[in-house]
Amino acid sequence: MLQSLLEHIQTPADLRQLPERELPRLASELREFLVETLSRTGGHLASNLGTVELTIALHYVFNTPEDRLVWDVGHQSYAHKILTGRREAMTGLRTLGGISGFPKRCESPYDAFGVGHSSTSISAALGMAIAAHQQERRRKVIAIIGDGAMTAGMAFEALNHAGSLAVDLLVILNDNKMSISPNVGGLSNYLAKVLSSSLYTSVREGSKQLLKRMPTVHELARRTEAYMKGMIVPGTLFEELGFNYIGPIDGHDLPTLLTTLNNMKVLEGPQFLHIMTQKGKGFPIAEDNPSIYHGVTAFDPKTGKIEIQTSTHPTYTQIFSDWLYDMATEDKRLVGITPAMCEGSGLVKFAQHYPDRYFDVGIAEQHSVTLAAGLACEGLKPVVAIYSTFLQRAYDQLIHDVALQNLPVLFAIDRAGIVGADGPTHSGNFDLAYLRCIPNMLIMTPADENECRQMLTTGFRHDGPSAVRYPRAQGVGVTVAPTLTVLPIGKAEMRRQGHQVALLVFGTLLPIALAAAALLDATVVNMRFVKPLDGAMILELAQQHQLLVTVEENVIMGGAGSAVNEYLQAQAKSVSVLNLGLPNHFLEQGDTPTLLAKAGLDVNGVVQSIKQRLKLEIQDTVRLNQSGNPPLKIDY
C-alpha cells in the first residue's frame, strides 16, 4: 500500500520537496480528503474540487507565503487551506471557534487577503504588487479569479489600471463555466507553452523595438498579431488592456500548468493566464450537478445524497418565491432582477414562467440597482432580489439613482441578520442602519411568513422605494394567506398587553420576545415598520410603561432602536429605553441559535438584560417617585 503523500505535507515547503511525478497522486488524495471531510462538515464542494491541480501548481511554483496568492471570493480555497497547515483543522470548518470557510488574514500568513465577496482579488493583488515594486522586493503577486467574478465592473476597473503600470502581477482566470472544450487540448496547451516561453517573449519584444523605427510597418505588424492571435486565442481584450495573455489551457493538466507557470514566473509586467477547469472534478455527481453541489450540507460521500433537514415550515426565501410568481401573474409590469443569485434568492420559478421579465445581471450589484431605476422610470415595477450583504455594494446607486428620484423599486433583502456558517463576510447585520438614513425609503421587517408576503405586496404597490428584509431561516409556522394584501403603512401591532415593560420588536425575533415577555408580564408590540415608525404607538407605550425595550436582529448602532430613541427625543419624551440587538463587532461563523445567544438575543439573554436594567431603575428612587409607578416586583 502506497504511503500517503498528503499526511506528510504541513506547509508548501513540504510540497515543493516532492518530485513532479508525484503531484497527480497528491491531487487524487486531496480530492478524496475534500469529499470525505465536506461530507461531514458541509461547505463549498464543487468549486474546490475544480481547483485542486491549480492550487498544487501555485504552491509548487511560487514561494508562498512570500509570494502572495489572492483568491477571489474564496469558495475555492479549501485545498489551499489544507496545503498550508490546516488539514486537521478542516474538521471544524465553518463552525464556532473553527476555521473560516474563506481566506482570512488573521487565520494564516498564507491567506494574503481576506475575502468572501466577489471580484476584489485583482484590485487587492495590484495594491500588493505596487507595494512590492515601491519596496524593491522581488515578490510575485497572483490573483485567482473565476469567470463569474469577472462579470463585475470592479474586476475590469482593476484590469484597466493594472495594464497601465509596470508592476509584476499575474492574473489567473479560472474559467469553469463549461467542461474542457475540444480546443483546450494539445494545440492550445502547446501554444501556451510557446507563448509563455522566454524565447518567444524576447523575440517578440525585440521585434517590436525594431519595428517601432518603421511606424507604418509596426502598426501593420501590431494589427496582424492581434488579428492572428484573436483567431486562435480569446485574449485580445486582455491584450488591449495591457496584459500579456496566455491560454486557454487545461487547468487539470499538471505538467502544462507547471511549465506555463514557471515560464510566466520570470516574465515582467502584467500577465494574464486563462485556464479551463471543471467544477466538481473527480466526483461525478458534483460534475453533473455543479450548482447543487456548489454549497452543501452533510452528504453521503458514496452516493452524494445530501442530508436535507425536513420541516413543515417554508423558508422566507420560499415565501418570496411564491409571492413573486403570484404578483407577476397579477401585474404584468413586474420585472425581477438579481445579481447572480437566482437559486439563492428564490427566482427560479419566476424565471421559468416569465423569462422575458427576468434579468440576472451577473455579479454586478451596482448595475442591478440602476437598471431597476431605469425600468421604473418607464413605468415598470422592478423587484430587486438581493442578499443584505451584497446590497452594501450598491449603496450609491440606492441613494442617487433610486431614492433621490423617489422611484418605485422594491428591494427583497434576503439573508438579513445572522447567516450562520458563512460568517462575517456574509452577515446581513447592517441593512437597517444603512437604509433608514436614506430619504424616501419605506422599510419593513416581517415577523412571520404571512406578514412577509403582505409586506412584499405593500412595498410593490407603494409609489416609491421600499425594502423588506428577512432572514435565512424557516418561518414560524403561521398560515400564509393566498391573497395579495396591503398593510397600512407605519402601523404597528399590539401582540401582548403587560405591565411596566414594553418590548418593541422589529422582525423575526418576535417569538423570542413573546417568550421573554411571558416571564416578565411585559407588553409586546410587533413594530413592523422601521420607517416610518408608528409614532402614536411609541408615545402611548412611553406613557404607560416604565421601560421600553427595542429588539432587532441588526446592529444596535444606527438601527431600529436608534430610530425609536431619536423619535422620543424629538418629542421631548423622557422614558427609559433599552436597545437590544447585535453588537458593534463582527460575529464569527457558527450556528445561528448559538450566535444569537452570544449576542444576548435568546429568551434568557433578553430576560436577563431587562432584569439588569430594571435593577438599576429600581435603585433610582427619585425617578421612580416622579413617574408614579411602584417598583416592579421581580425575584432577582
Side-chain angles (χ1 to χ4, degrees), residues 313 316 416-417 432 443-452 454-455 468-471 473 475-479 487-488 490-554 556 559-565 567-568 573 575-582 593 596-597 599-615 617 627 629 632-635:
H313 307 330
Y316 285 92
L432 293 184
I443 308 169
M444 294 167 278
T445 56
D448 57 46
E449 308 95 301
N450 190 53
E451 204 165 72
C452 185
Q454 293 172 327
M455 288 180 177
V468 180
R469 57 107 66 172
Y470 44 89
V476 296
V478 303
T479 301
L487 294 174
K491 293 298 180 182
E493 174 194 38
M494 179 69 71
R495 293 296 295 267
R496 187 185 193 280
Q497 188 69 58
H499 299 88
Q500 297 190 338
V501 176
L503 279 69
L504 289 68
V505 188
F506 296 87
T508 55
L509 294 180
L510 181 63
I512 291 174
L514 285 168
L519 298 174
L520 299 168
D521 190 24
T523 295
V524 177
V525 174
N526 175 21
M527 291 300 293
R528 290 180 165 176
F529 293 86
V530 176
K531 189 175 184 180
L533 288 168
D534 188 340
M537 176 68 79
I538 294 173
L539 291 177
E540 180 182 335
L541 295 171
Q543 292 170 356
Q544 297 175 356
H545 296 81
Q546 173 183 326
L547 174 66
L548 303 186
V549 182
T550 64
V551 183
E552 61 189 301
E553 195 175 334
N554 189 85
I556 296 172
S562 293
V564 173
N565 299 345
Y567 179 81
L568 289 168
K573 292 295 180 182
V575 61
S576 184
V577 181
L578 171 63
N579 299 133
L580 298 180
L582 298 176
L596 281 173
L601 292 177
D602 60 346
V603 174
N604 181 65
V606 171
V607 170
Q608 293 305 315
S609 294
I610 293 173
K611 283 185 175 183
Q612 181 62 32
R613 181 58 174 266
L614 286 172
K615 195 171 186 178
E617 295 291 334
S627 69
N629 292 326
L632 190 67
K633 293 179 174 60
I634 295 180
D635 182 12

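In what follows, residues are counted from 1 in the order of the sequence shown.
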Evaluate side chain to side chain contact (heavy atoms under 4.5 Å, CB included) for Ile512 paired with Leu601, printing each intermediate quantity in order.
-> CA-CA 8 Å; Ile512 291 174; Leu601 292 177; 5.8 Å; no

Checking side chain to side chain contact (heavy atoms under 4.5 Å, CB included) for the pair Asp521/Gln500: CA distance, chi angles, key distance, verdict?
-> CA-CA 9 Å; Asp521 190 24; Gln500 297 190 338; over 6 Å; no

Please test Thr479 against Asn450 for side chain to side chain contact (heavy atoms under 4.5 Å, CB included), starting from the C-alpha separation and ending with a verdict.
-> CA-CA 7 Å; Thr479 301; Asn450 190 53; over 6 Å; no

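Within the 4.5 Å cutoff, the side chain of Thr445 has no heavy atoms near those of the Asn554 side chain. The side-chain heavy atoms of Leu510 and Asp448, taken from C-beta on, include no pair separated by under 4.5 Å. Side-chain contact between Leu596 and Leu509 is present, with at least one heavy-atom pair separated by less than 4.5 Å. Looking at Asp534 and Val525, their side chains never come closer than 4.5 Å, going by heavy atoms from C-beta outward. Between Glu449 and Val476 there is a side-chain heavy-atom pair separated by less than 4.5 Å. Counting heavy atoms from C-beta on, the side chains of Leu503 and His545 never come closer than 4.5 Å. Side-chain contact check for Thr523 versus Met494: some heavy-atom pair is nearer than 4.5 Å.
In this structure, Phe529 and Phe506 approach most closely via the heavy-atom pair O-CE2, 3.6 Å. When every heavy atom of Cys452 is checked against every heavy atom of Tyr470, the shortest pair comes out as SG-CD2, 3.9 Å. Closest heavy-atom contact between Ala447 and Glu451: N-OE1, 2.8 Å. Across every non-hydrogen atom of Val606 and Ala516, the tightest pair is CG1-CB, 3.7 Å. Nearest heavy atoms, Leu533 versus Ala563: CD1-O, 3.6 Å. Taking each heavy atom of Ala502 and Leu541 in turn, the nearest pair found is CB-CD2, 4.1 Å.
Taking CZ from Arg469 and CD from Glu553, the interatomic distance works out to 7.0 Å, rounded to the nearest 0.5 Å. Rounded to the nearest 0.5 angstrom, Asn526 CG and Arg495 CZ are separated by 6.0 Å. Taking CG of Asn579 as the reference point, atom CG of Leu548 lies at 10.0 Å (rounded to 0.5 Å). Between Gln608 atom CD and Ile610 atom CD1 the span is 10.0 Å, to the nearest 0.5 Å.
Using a distance-only test at 3.5 Å, with no hydrogens or angles considered, a donor-acceptor pair links the side chain of Glu552 to the main chain of Gly561. In this structure a side-chain-to-backbone donor-acceptor pair under 3.5 Å is present from Arg613 to Val577.
Glu493 has no carboxylate O lying under 4.0 Å from a charged side-chain N of Lys491, or vice versa, which leaves the two without a salt bridge.
Results of the side chain to side chain contact (heavy atoms under 4.5 Å, CB included) test with Met527 over Thr550, Ile538, Val505, Val551 single out Ile538 as the only residue that passes.
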